[in-house]
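Below is one structure, written out as structure tokens; comments come after it.
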Amino acid sequence: FDKDELNFGEVSIQTRKTLNLVLTNNSNKTAKLKMKPLILTNCFTIVNAVRDVPPHSSFNFIVEFIPLKDTTYSDEFTVYTNDTCSTIKLTGIGVQPDVETNVKDGILFIGHSVVYNAIEKSFDIINKSNFKISFTLRTIKSGKKNKTGLRPFCYTPYMGDIDALGKCTVKVEFNGDH
């Protein structure tokens with residue numbers, strides 16, 4: 001393998017992270033690889049199928065980590081042939097993200113608007129975790145649809161990343177048409 005250990009670092013629970021791992025065949029004959037199974041409860045998966053590797057060639061494995069709980073995970077990934085065996089340690093930590101907003105009581109009151117007049121307000125999403133997180137804003141429940149078919153609320157940005165212990169300001173625009 002091109003590494004001694006494959007460390008995924010801290011990954012949010014139920015979030016997917018993949019890393020590449022290169023295996024090189026240094027022999028003069030084709031390596032007919034077999035793989036020992038990984039422990040299912042350790043949340044590591046080999047995404048691509050194991051292939052035979054021609055002499056003096058390399059094969060790129062894609063290793064996936066999806067933690068289920070906020071704990072430390074480790075496993076060993078072993079590939080072998082009739083003549084050789086290679087093992088690499090897989091490690092990762094599942095972490096629970098901690099975010100909050102500066103919206104009082106969890107409700108952002110935009111205000112009253114005249115028809116076809118847009119109103120803008122903003123709020124902050126604050127990442128209290130010591131790792132970067134990604135977010136996506138989506139509507140959980142919709143009210144009446146606009147006559148034009150457009151959504152009455154628009155979020156800018158509606159998705160993005162927030163650095164560790166950072167914040168992101170989101171602008172909300174309301175366009176009422178009736």
Side-chain angles (χ1 to χ4, degrees), residues 1-103 122-140 154-171:
F1 290 113
D2 65 335
K3 301 171 180 75
D4 295 330
E5 180 180 349
L6 198 58
N7 187 343
F8 286 84
E10 294 180 332
V11 179
S12 297
I13 294 172
Q14 303 289 329
T15 308
R16 176 181 190 246
K17 182 175 182 180
T18 60
L19 294 177
N20 292 328
L21 179 63
V22 178
L23 177 76
T24 302
N25 179 4
N26 293 324
S27 71
N28 292 325
K29 61 182 181 177
T30 299
K32 297 188 182 294
L33 296 178
K34 297 175 186 126
M35 179 181 102
K36 287 187 179 176
L38 297 170
I39 299 170
L40 292 175
T41 57
N42 281 346
C43 306
F44 296 103
T45 307
I46 307 304
V47 176
N48 49 349
V50 177
R51 305 260 191 252
D52 292 346
V53 182
H56 306 289
S57 296
S58 297
F59 181 75
N60 186 38
F61 287 100
I62 300 171
V63 185
E64 175 183 71
F65 176 54
I66 305 175
L68 300 175
K69 297 180 183 177
D70 54 345
T71 189
T72 302
Y73 294 91
S74 66
D75 203 345
E76 288 187 343
F77 173 46
T78 303
V79 291
Y80 60 95
T81 66
N82 292 335
D83 303 323
T84 62
C85 179
S86 292
T87 300
I88 185 168
K89 185 173 183 177
L90 308 174
T91 58
I93 302 170
V95 291
Q96 181 72 39
D98 186 13
V99 294
E100 67 179 32
T101 65
N102 62 349
V103 178
S122 63
F123 67 93
D124 294 325
I125 302 172
I126 303 156
N127 180 7
K128 299 177 89 180
S129 309
N130 62 351
F131 55 92
K132 181 173 140 178
I133 62 166
S134 299
F135 73 91
T136 302
L137 298 174
R138 59 180 182 206
T139 303
I140 296 173
C154 178
Y155 310 104
T156 307
Y158 72 96
M159 64 187 318
D161 297 324
I162 306 173
D163 291 329
L165 304 173
K167 71 177 183 176
C168 177
T169 301
V170 177
K171 180 178 75 170

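The structure displayed is predicted, hence computed values, not measured ones.
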Should Gln14 and Leu68 count as side-chain neighbours, where that means a heavy-atom distance under 4.5 Å?
yes

Using a 3.5 Å distance criterion without hydrogens, assess whether the side chain of Ser27 forms a donor-acceptor pair with backbone atoms of Lys29.
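Indeed, once roles are kept as given, a pair shorter than 3.5 Å links the two residues.
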
Using modelled atom types and a 3.5 Å cut-off, is there a donor and acceptor pairing between side-chain atoms of Asp75 and backbone atoms of Leu90?
no

Over 60° means perpendicular and under 30° means parallel, so tell me whether Phe61 and Phe77 are parallel, tilted or perpendicular.
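Correct class here is perpendicular.
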
Is the Tyr73 ring parallel, tilted or perpendicular to the Phe65 ring (thresholds 30°, 60°)?
perpendicular

Minimum heavy-atom distance between [X] and [Y], given as atom pair plus value:
| X | Y | answer |
| --- | --- | --- |
| Gln96 | Asp70 | N-CB, 4.0 Å |
| Ile125 | Leu137 | CD1-CD2, 4.2 Å |
| Ser12 | Pro97 | OG-CG, 3.9 Å |
| Asn130 | Glu10 | OD1-OE1, 3.5 Å |
| Ile46 | Val63 | CD1-CG2, 3.8 Å |

Chi angles and distances behind the side-chain contact (heavy atoms from CB on, under 4.5 Å) call for Asn102, Lys167:
CA-CA 10 Å; Asn102 62 349; Lys167 71 177 183 176; over 6 Å; no

Can you tell me how far CG of Asp98 sits from CG of Asn127, rounded to the nearest 0.5 angstrom?
8.0 Å

Residues forming a side-chain contact (heavy atoms from CB on, under 4.5 Å) with Thr30, sequence neighbours excluded
Asp52, Pro55

If only side-chain N and O atoms count, and only distance matters, is there a donor-acceptor pair under 3.5 Å linking Thr91 with Ser74?
no

